[in-house]
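This report concerns only the one structure given below.
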Amino acid sequence: MGIVEDEIKRSQAQIRRLLKERNAVMLAHNYQRDEIQEMADYSGDSLELSRKAAGTDAEVIVFCGVHFMAETAAILSPQKTVLLPNLQAGCPMADMITAEKLRKKKEELGPDVPVVTYVNSTADVKAESDICCTSANALRVVESLDAERVLMTPDMNLAKWVQRNTKKKIELWKGFCPTHHLLKPERVAELKAKYPDAKVAAHPECAPEILDLADHVCSTSGMYAYAKKDSAMRFIICTESGILYRLRKENPEKEFILAAEDMVCPNMKVTTLDDIVESLTEMKNVITVPEDIRVRAKLAVDKMLAVV
Ligand code: 13P
Ligand code: SF4
């Protein structure tokens, strides 16, 4: 074992010890660094992690992801201590909308247009929304509403994807994820030409021109299911690089090609094992949500979790 591997193992052992001492559960998003995913109690997409956060009986949740994910855990479980090991882990898409701007938009659209907000948003934006969604359930959430017109925030690409699959009229907010939105269709077309046997899996945060080239559009965890089930031996993956860890681990005989090398979300990579050790040791970087906002945001998240 090299020095780096040695250090990783040492930090992981220290974290395991601290998790036990603190009666804590460690959740990791599918984009986290390999060594974090490797040791998490649960890894998953936003929907799976929200469900885990809602259902755990641990006293402390260490959320290895970005701020809005830890905030969602705090919304669902106010009696638990939620730690975000590195406070720099934000989400630029979540910052593309504010509660104030959303209130203005709601006034413009009137009361007959419910607001569906992607969980990639702040608690006060969730509090202004009728229901939340994730990339795994966006279409089901929209279809569950008794309305012909719906406003989807903040991701315009997810909204456009839903619009392709529903008869309802989708109004959109012009937010986007830089990591996904900047992927060029020419790049995917080039890879398809080079590997004609490969299947393309894309996250719905990618632009419509990318989704046009995809064989399958799904959430991050949806990609694991697809890669396992499909008979193809090679896949072009249009989402953040962290997804490769489990794809390769679970399908050693298959090949996974990241559509572009720069599909790396800096926010998802900022958290390190050292941050987790520090946060658990000092019980620092606790995420809380003001009670009046939390209660209203929880209604939107709970409604989403009730949609099967
Ligand atoms: P998933 O819910 O598909 O894991 O996506 C979360 C995310 O931040 C994608 O950029
Ligand atoms: Fe936000 Fe995009 Fe990073 Fe996901 S990948 S956390 S949407 S910036």
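We count ligands from 1, going down the list as the structure has it; atoms in each ligand are counted the same way. Scope of the values below: all heavy atoms of this structure, side chains included, with no hydrogens, waters or symmetry mates.
Only the side chain of His180 comes within 4.0 Å of ligand 1, judged by heavy-atom distances.
Judged by distance alone, the side chain of Lys80 and the main-chain N or O of Asp57 form no donor-acceptor pair under 3.5 Å. A donor-acceptor contact shorter than 3.5 Å links the side chain of Lys168 to the backbone of Ala147. Judged purely by atom type and a 3.5 angstrom limit, Asn251 uses its side chain to pair as donor or acceptor with the backbone of Leu247. With Asp275 contributing its side chain and Thr272 its backbone, the two residues share a donor-acceptor pair below 3.5 Å. A donor-acceptor distance shorter than 3.5 angstrom exists from the side chain of Trp173 to the backbone of Met96, with no hydrogens or angles considered. Side-chain N or O atoms of Arg33 include one that pairs as donor or acceptor with a backbone N or O of Thr271 at under 3.5 Å. Although no hydrogens or angles enter the test, the distance criterion places a donor-acceptor pair under 3.5 Å between the side chain of Asn137 and the main chain of Thr134.
Distance NZ/Lys303 to CG/Leu145: 8.5 Å, rounded to 0.5 Å.
Of all atoms in ligand 1, numbered sequentially from 1 with element shown, those under 4.0 Å from a heavy atom of Asp45 are 1 (P), 2 (O), 4 (O). Of all atoms in ligand 2, listed by their number and element, those nearer than 4.0 Å to a heavy atom of Asn120 are 7 (S). Listed by number with element, the atoms of ligand 1 under 4.0 angstrom from any heavy atom of Ser135 are 1 (P), 2 (O), 3 (O). Ligand-side atoms of ligand 2 in range of Glu205: 2 (Fe), 7 (S), range being under 4.0 angstrom from any heavy atom. For ligand 2, the atoms sitting less than 4.0 Å from at least one non-hydrogen atom of Tyr31 are 5 (S), numbered in the order shown with element in parentheses. Those atoms of ligand 2 with a heavy atom of Pro92 less than 4.0 angstrom away are 8 (S). Close approach of ligand 1 to His203 is summarised as follows: ligand atoms under 4.0 Å from at least one heavy atom of the residue are 1 (P), 3 (O), 5 (O), 9 (C). Atoms of ligand 1 found under 4.0 Å from any heavy atom of Ser46, numbered from 1 in the order shown, are 1 (P), 2 (O), 4 (O), 5 (O), 6 (C). Every atom of ligand 1 with a heavy atom of Ser219 under 4.0 Å away is listed here by number and element: 3 (O).
At a cut-off of 2.8 Å, Cys177 coordinates atom 2 (Fe) of ligand 2 through an N, O or S atom.
Remark: Arg246 qualifies as a cation-pi partner of Tyr224 under the 6.0 Å distance and 45° angle criteria applied to the six-membered ring.
Annotation: atom 1 (Fe) of ligand 2 to nearest protein heavy atom, Cys91 SG, 2.4 Å. The protein non-hydrogen atom at the shortest distance from atom 10 (O) of ligand 1 is Glu205 OE1, 2.7 Å. Counting protein heavy atoms only, atom 3 (Fe) of ligand 2 is closest to Cys265 SG, 2.4 Å. The nearest heavy-atom contact from the protein to atom 8 (O) of ligand 1 is Asn120 ND2, 3.3 Å.
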message: If you apply the rule side chain to side chain contact (heavy atoms under 4.5 Å, CB included), what do you find for Asn157 with His181, and how did you get there?
response: CA-CA 8 Å; Asn157 288 327; His181 188 66; 3.0 Å; yes
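Between Asn30 and ligand 1, a contact under 3.5 Å exists for no N or O pair.
At least one heavy atom of His29 sits closer than 4.0 Å to an atom of ligand 1.
Residue Glu261 qualifies as open at atom CD: its count of foreign heavy atoms under 6.0 Å is 12 or below.
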